[in-house]
Amino acid sequence: MNLSVCVSSHPDVHFPGYRNLRQILSKYHEFGFFYTTWYLEPTAYIKWETEQFLKNGGNFVQQKINKIDDVSKMGYDVIVNCTGLGSREMVGDQEVYPTRGQVLRVECPRVKHFLIDDHDNTITLGGTQDRNQWDTTINPILSQKIFEENCRNIPSLRTARVLSAHVDLRPTRGTVRLEAEPNGKVIQIMDTEGLESLCIGDVRWNA
């Protein structure tokens, strides 16, 4: 997220301690910002959301779906299609493509200001953004490069203990597709692929 754009587009939102770091950045950085905010850890949040969903009478059904029509025959009033990369096959949306990302999780209690902070003194060091790449194999050379470049930014990371490396594919689209598609049964089908620029909180509260 480009914070400067976010700040200018939300003049009523206050970012405590917000300041531009351009004057103290090294030659390796084009821009940087500092601010204080709360952080939502996705793994724990999704677990909590799942528990709330089940507690309120929700139900999960796991089965293979070949096309949206398979779901529309099940009698639901609203179908929300968030099939990500599966939308290429599910609805024939070939504009959706993968963006490969590789990150490292390290343990470093000394670092108090972070790039991405989770919990239990662990930090997620990013990372890559390789468009149209389907390979989910962890690249050890890339892992070392990620670690070294982060240490260059934050020298105290040099004492960090590397816990694990992770690779995943993020569904990406040139533009967000958000459509209501009434079918013969007046069932609304909303295609929401391409939410790459939105965080999980945006999707949860705004979708």
Side-chain angles (χ1 to χ4, degrees), residues 1-3 5-6 9-10 40-105 116 118 124-143 146 164-207:
M1 177 181 69
N2 188 326
L3 187 60
V5 175
C6 182
S9 61
H10 297 80
L40 184 151
E41 203 283 307
T43 302
Y45 182 69
I46 292 175
K47 180 178 181 295
W48 178 82
E49 280 281 15
T50 300
E51 293 172 349
Q52 294 300 306
F53 176 72
L54 295 173
K55 181 180 178 181
N56 288 295
N59 182 44
F60 286 101
V61 177
Q62 183 174 351
Q63 67 183 77
K64 183 177 180 179
I65 300 297
N66 295 311
K67 53 185 182 300
I68 291 294
D69 287 344
D70 294 343
V71 184
S72 65
K73 297 174 183 177
M74 297 179 183
Y76 297 111
D77 297 321
V78 177
I79 300 171
V80 180
N81 170 28
C82 284
T83 48
L85 292 173
S87 296
R88 293 170 60 90
E89 304 297 329
M90 181 78 72
V91 295
D93 191 343
Q94 298 303 306
E95 292 187 42
V96 179
Y97 60 89
T99 295
R100 179 188 183 278
Q102 180 168 326
V103 298
L104 290 180
R105 182 180 291 274
I116 304 176
D118 291 326
T124 301
L125 303 181
T128 64
Q129 191 179 57
D130 305 313
R131 297 180 181 274
N132 286 302
Q133 294 294 322
W134 290 88
D135 185 11
T136 57
T137 304
I138 294 174
N139 184 332
I141 297 177
L142 188 55
S143 291
I146 291 172
S164 58
H166 304 268
V167 172
D168 210 341
L169 304 178
R170 170 177 287 182
T172 311
R173 204 173 186 275
T175 58
V176 174
R177 180 180 178 185
L178 180 58
E179 302 173 357
E181 301 179 358
N183 64 12
K185 296 182 179 180
V186 198
I187 295 177
Q188 301 297 313
I189 301 176
M190 293 173 285
D191 296 312
T192 58
E193 311 96 11
L195 294 173
E196 180 188 26
S197 61
L198 300 180
C199 71
I200 188 171
D202 292 328
V203 177
R204 164 62 177 83
W205 299 111
N206 296 331

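Quick caveat: nothing in here was measured; it's all calculated off a predicted structure.
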Review point. Between CE of M90 and CG of D70, what distance do you get to the nearest 0.5 Å?
Key: 7.5 Å
Check your understanding: Where is the tightest heavy-atom contact between L169 and W134, given as atom of each residue plus distance?
Key -> CD1-O, 3.7 Å
Exercise for review: Please round to the nearest 0.5 Å and tell me the distance separating atom OG1 of T136 and atom CD of Q102.
Suggested key: 10.5 Å
Review point. Atom CD in Q129, atom CZ in R100: separation rounded to 0.5 Å?
Key: 12.5 Å
Exercise for review: Heavy atoms only: give me the nearest A165-L104 pair and the separation to one decimal.
Suggested key: CB-CD2, 3.6 Å
Exercise for review: Please name the pair of heavy atoms, one in S87 and one in V96, separated by the smallest distance, quoted to 0.1 Å.
Suggested key: CB-CG2, 4.5 Å
Study note, to complete from the structure: Rounded to the nearest 0.5 angstrom, the CD1-CD1 distance for I146 and I141 is 12.5 Å
Study note, to complete from the structure: For D135 and V167 the tightest heavy-atom approach is O-CG1, 4.0 Å
Check your understanding: Can you list the residues that meet the side-chain hydrogen bond (donor to acceptor under 3.5 Å, both in side chains) rule with D168, with sequence neighbours excluded?
Key -> none
Check your understanding: Can you tell me how far CG of L142 sits from OG1 of T137, rounded to the nearest 0.5 angstrom?
Key -> 12.0 Å
Check your understanding: For the side chain to side chain donor-acceptor pair (under 3.5 Å) test, which of R173, R170, Q133, R131 pairs with Y97?
Key -> R131
Check your understanding: Which pair of heavy atoms, one from I138 and one from S143, lies closest together, and at what distance?
Key -> CG2-OG, 4.0 Å
Revision key, fill the gap. Residues M74 and Q63: closest non-hydrogen pair is CE-NE2, 3.2 Å
Study note, to complete from the structure: One should read off an interatomic distance between K47 NZ and Q52 CD, to the nearest 0.5 angstrom, of 10.5 Å
Check your understanding: When you look at CD of E51, are more than 12 heavy atoms from neighbouring residues, nucleotides or ligands closer to it than 6.0 Å?
Key -> yes
